[in-house]
Asks: 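I have a structure here, written as structure tokens, and I will follow up with some questions on it.
Computation of the quantities below employed the complete heavy-atom set of this structure, encompassing side-chain atoms and omitting hydrogens, waters and symmetry-equivalent molecules.
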Amino acid sequence: MIRTFLRVLGPDHARPVVVSLSLSALTAVLHGLVIALLVPVLTRLLGPDPAAALPWTGALVAVAAVYAVVRSLALARSFRVGGEVSRALHHRLADHLVRLPVGWFTGPRLGELTHLATTGVVRSTSLPVHVLPPLADAVLTPVVALVALAFLQWQLAVATAVGLAVLAVVHTWSGRAVARDDAARDAIADEASDRVLEHARAQQVLRAAGRTDDRGGALDRALAAEHAASRRLLRTAVPALVAYSAAVRVLLTVLLALTVHLTLGGTLDGPAAVALLVLVVRFVQPLSTAAEHGAALRLSGHVLTRVAAVLDADPLPEPAVAAVPADGTVELVDVRFAYTPGGPPALDGVSLRAQPGTLTAVVGASGSGKSTLTAVLARFFDVDAGQVLVGGVDVRQIGSRELARHVALVPQDVYLFDATVAENVRVAAPGATDADLAAVAARCGLDAVVAELPDGWATRVGEGGSSLSGGQRQRVAIARALLKDAPVIVLDEATSALDASNEALLTRTALDLARDRTVLVVAHRPATVRVADTVVVLDEGCVVEQGTPAQLAAADGPYARLLRDRERAQGWRLVPSPEPV
Ligand SMILES: Nc1ncnc2c1ncn2[C@@H]1O[C@H](COP(=O)(O)OP(=O)(O)OP(=O)(O)O)[C@@H](O)[C@H]1O
């Protein structure tokens, strides 16, 4: 477990933890020595010559003083290390997450990450502060006392050694049973937190559907399962704790009885018996807390295994020497890709070429593979076969930083940070001046949005950009792409209804962008498709038609059918019912 802890922290942060744990171990050994020294001190103090206790008392005071100093140092260091552990784990997770393929971040993983980054990090932070030091005390102190006992009274030492072995067995047995239910409860708790998040996010949908409570729903079931899992854990944990605690009491009783027996039999004199009784009582004390700290250790161990699994997830391989794309030409050559190995292909032999200075519209029915095409282009996933080339270079040979500079993806559902509009645009180029912002805003119609906002560029957009409409958020994302000056822009057109002026603006912007770069639009509107230089029609992951809008319209194939369907759908309008006469 400690090995996993140090591995998860990484070499830079492991050293201070090792120092802190060593200090805690030294504290526990000194504690054991203090307890052991009580025996010669008490034996002599209660014996016929109390003055003989003086040198032993001096030794006891000296060791106790060193113990006090080391303990304070260990305590101060463990608290400092606790803070560092929290920071280190957050940094390690964050550094690794940015290198993972975007496809790794599926729904359940997001819930697990939230759990790990909050509860998981808190539990790991408590390890060097509240768990390992008392556990070292519970294990090392009795061992040191046992060694001392071996020199003082062998019969008691043998009985103690046997007792400690029995305790270790009981501890391991009870720990295994609890660990099983612990792991199950953790998994169910993750599911419950996922459901709570989902419930909060889906409030609009639920209210629109008239579902204001969740009786019998997924959240209700997840919370009930969590409750049941907690009860199951309690049913295992309580008997396990009681069994261990009873074993400690039995050991104490046996040792006390043995001491009395040895005294009555004349093997021990009165002062030695009193001293040994004190020794036995003192070293059994830390043992009784071992079960609780053992449980905390197991919980932390479980969480650390999961953090280690995240850190072990393979990042997308980076090229040893990153190649630089020659220009913004985009080419897909016989690309095949499935989300699950051996699963149905989302892209099945897709080939296309888009040149700088052109607008390519990608169209197709829902589920035909349009978003997947944009995802492999931005290398959110690596393709299973074929090649994705930007500027003549395979995206796997372009470093991720360079590729992000070359390809700007404007998704349908743009996420904005809870910051000002200006700060959100500057994400693409932190050094951009106000004049740069104004220039890109004018090109994508963001200037009109900013003019209407109460504080202009300084308006805060709320969490995720909630105070802006979908169309406005997309304009912020387009401004980011322009500011980044990416030669390739991939725009996933919003499927939601836009008013006529917004629709015209979006088409104008796409055309304007395509003057000096390669623009691919996942197009949902006939207006955008008609102005494209090339249209690529996807169906079940395959390119079924490709050509200019005029050519495809004349062919009267899948494109023409799709366009007719779209126009018919757009032709539907909700109109007020006529007034009764
Ligand atoms: N994360 C995922 N895991 C597994 N399968 C997926 C995933 N995302 C998409 N798919 C599947 O891949 C196929 C292509 O989906 P994709 O989202 O690319 O289609 P689309 O044309 O963009 O659809 P839409 O217009 O509805 O957004 C579909 O069968 C879809 O169910």
Asks: For the NE2 atom on H90, are there more than 12 heavy atoms of other groups (residues, nucleotides or ligands in this structure) within a distance under 6.0 Å?
Replies: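 Correct, the count exceeds 12.
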Asks: Any side-chain to backbone donor/acceptor pair from K484 onto A404? Under 3.5 Å, distance only.
Replies: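 Yes, K484 side chain to A404 backbone: donor-acceptor pair under 3.5 Å.
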Asks: I need the minimum non-hydrogen distance between P16 and V81, along with the two atoms involved.
Replies: O-CG2, 3.6 Å
Asks: Would you find a donor on one side and an acceptor on the other, under 3.5 Å apart, between the side chain of T518 and the backbone of G328?
Replies: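 Between the backbone of G328 and the side chain of T518 there is a qualifying donor-acceptor contact (under 3.5 Å).
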Asks: If you define the side chain from C-beta out and look only at heavy atoms, does anything of V307 sit under 4.5 Å from F5?
Replies: no
Asks: Evaluate the side-chain proximity of L513 to I478: yes if any heavy-atom separation is below 4.5 Å, no if none is.
Replies: yes
Asks: Okay, side chain of E402, backbone of G399: is any donor-acceptor separation there less than 3.5 Å?
Replies: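 Side chain of E402 to backbone of G399, a donor-acceptor pair under 3.5 Å: no, none is there.
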Asks: When you measure from the side chain of T360 to the backbone N and O of L520, does any donor-acceptor pair fall under 3.5 Å?
Replies: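 No; judged by distance alone, with no hydrogens or angles, the pair does not exist.
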Asks: Looking at R473 and L468, would you say the former's side chain and the latter's main chain have a donor-acceptor pair under 3.5 Å?
Replies: yes
Asks: Taking all non-hydrogen atoms of both residues, which atom of A338 and which atom of D384 are closest, and how far apart?
Replies: N-OD2, 2.8 Å
Asks: Just verifying a value: how many Å separate R92 CZ and H13 NE2, rounded to the nearest 0.5 Å?
Replies: 8.5 Å
Asks: Which value, rounded to the nearest 0.5 Å, describes the distance between R396 atom CZ and D382 atom CG?
Replies: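 Between atom CZ of R396 and atom CG of D382 there are 6.0 Å.
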Asks: To the nearest 0.5 Å, what is the distance between CG on D533 and OG1 on T548?
Replies: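 With rounding to 0.5 Å, CG (D533) is 9.5 Å from OG1 (T548).
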Asks: Does any donor atom in the side chain of S400 or E318 lie under 3.5 Å from an acceptor atom in the other side chain?
Replies: yes
Asks: Side-chain donor-acceptor pairs under 3.5 Å in residues 429-436, sequence neighbours left out?
Replies:
unit_1, atom_1, unit_2, atom_2, d
T433, OG1, A435, N, 3.4
T433, OG1, D436, N, 3.1
T433, OG1, D436, OD1, 3.4
T433, OG1, D436, OD2, 3.1
D434, OD1, R426, NH2, 2.7
D436, OD2, T433, N, 2.9

Asks: If the threshold is 4.0 Å, N to carboxylate O, is there a salt bridge linking R7 and D312?
Replies: yes
Asks: Does a side-chain heavy-atom distance below 4.5 Å link V537 with D539?
Replies: no
Asks: Does G364 offer a backbone N or O that forms a donor-acceptor pair with the side chain of K370 under 3.5 Å?
Replies: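 Confirmed, K370 side chain pairs with G364 backbone.
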Asks: Considering only NZ, NE, NH1 and NH2 on the basic side and carboxylate oxygens on the acidic side, decide whether D455 and R460 come within less than 4.0 Å.
Replies: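 Answer for the salt bridge query: no.
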Asks: Taking the side chain as C-beta and beyond, is there a heavy-atom pair between V421 and V449 under 4.5 Å?
Replies: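 A side-chain contact under 4.5 Å is absent here.
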Asks: Heavy atoms, side chains only, cut-off 4.5 Å: are P356 and T329 in contact?
Replies: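 Yes, close enough: below the 4.5 Å cut-off.
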Asks: Could you check H406 against I398 for side chain to side chain contact (heavy atoms under 4.5 Å, CB included), going step by step and ending with a plain yes or no?
Replies: CA-CA 10 Å; H406 265 74; I398 307 172; 5.8 Å; no
Asks: Output the distance between atom CG (L389) and atom CZ (R353), rounded to the nearest 0.5 Å.
Replies: 9.0 Å
Asks: For R517 and P487, work out which heavy atoms get closest and say how close.
Replies: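 For R517 versus P487, the nearest heavy atoms are CB-O, 3.0 Å.
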Asks: Keeping the roles fixed (side chain from Q397, backbone from D394), state whether a donor-acceptor pair exists under 3.5 Å.
Replies: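 Pair absent, no side-chain N/O of Q397 close to backbone of D394.
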Asks: Which is it for V335 and V388 under the side chain to side chain contact (heavy atoms under 4.5 Å, CB included) test, yes or no, and what are the steps along the way?
Replies: CA-CA 7 Å; V335 165; V388 178; 3.9 Å; yes
Asks: Go through it in stages, so that I can follow the logic: the residues are V461 and V476, the test is side chain to side chain contact (heavy atoms under 4.5 Å, CB included), and I'd like the CA-CA distance, side-chain angles, deciding distance and then a yes or no.
Replies: CA-CA 11 Å; V461 299; V476 173; over 6 Å; no
Asks: With heavy-atom distances below 4.5 Å as the criterion, would you say the side chains of D492 and V490 are in contact?
Replies: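 D492 does not reach V490 side chain to side chain.
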Asks: Heavy atoms only: give me the nearest L223-A192 pair and the separation to one decimal.
Replies: CD2-CB, 4.2 Å
Asks: Which atom names give the shortest non-hydrogen contact between D334 and G349, and what distance separates them?
Replies: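 Result for this residue pair: OD1-CA, 3.1 Å.
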Asks: With the side chain counted from C-beta on, respond yes when V85 and L127 share a heavy-atom pair under 4.5 Å apart, and no when they do not.
Replies: no
Asks: For the OG1 atom of T4 and the CG atom of L311, what is their distance to the nearest 0.5 Å?
Replies: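 CG of L311 is found 11.5 Å from OG1 of T4.
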Asks: Without swapping roles, check the side chain of S86 against the backbone of G82 for a donor-acceptor pair under 3.5 Å.
Replies: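 Between the backbone of G82 and the side chain of S86 there is no qualifying donor-acceptor contact (under 3.5 Å).
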Asks: Under the rule for side-chain hydrogen bond (donor to acceptor under 3.5 Å, both in side chains), what residues qualify as partners of Y339, not counting sequence neighbours?
Replies: T372
Asks: In Å and rounded to the nearest 0.5 Å, what is the CG to CG distance from L482 to L437?
Replies: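 Result: 11.5 Å between the selected atoms.
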Asks: Where do L352 and L373 land on the side chain to side chain contact (heavy atoms under 4.5 Å, CB included) test, with the steps shown first?
Replies: CA-CA 11 Å; L352 63 87; L373 190 148; 3.9 Å; yes
Asks: Looking at V350 and V543, what are the two nearest heavy atoms and their distance?
Replies: CG1-CG2, 3.7 Å
Asks: Cut-off 3.5 Å, no hydrogens considered: what does the side-chain donor-acceptor table look like for residues 556-563, sequence neighbours left out?
Replies:
unit_1, atom_1, unit_2, atom_2, d
D556, OD1, R564, NH1, 3.2

Asks: Is it true that, when you exclude Q546 itself, more than 12 heavy atoms of the residues, nucleotides or ligands shown sit nearer than 6.0 Å to its CD?
Replies: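 For Q546, atom CD is crowded (more than 12 foreign heavy atoms under 6.0 Å).
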Asks: Any side-chain to backbone donor/acceptor pair from R480 onto V427? Under 3.5 Å, distance only.
Replies: no
Asks: Under the criterion side chain to side chain contact (heavy atoms under 4.5 Å, CB included), which of L552, V521, V535 is the partner of V529?
Replies: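 Running side chain to side chain contact (heavy atoms under 4.5 Å, CB included) over L552, V521, V535 with V529 returns exactly one hit, V535.
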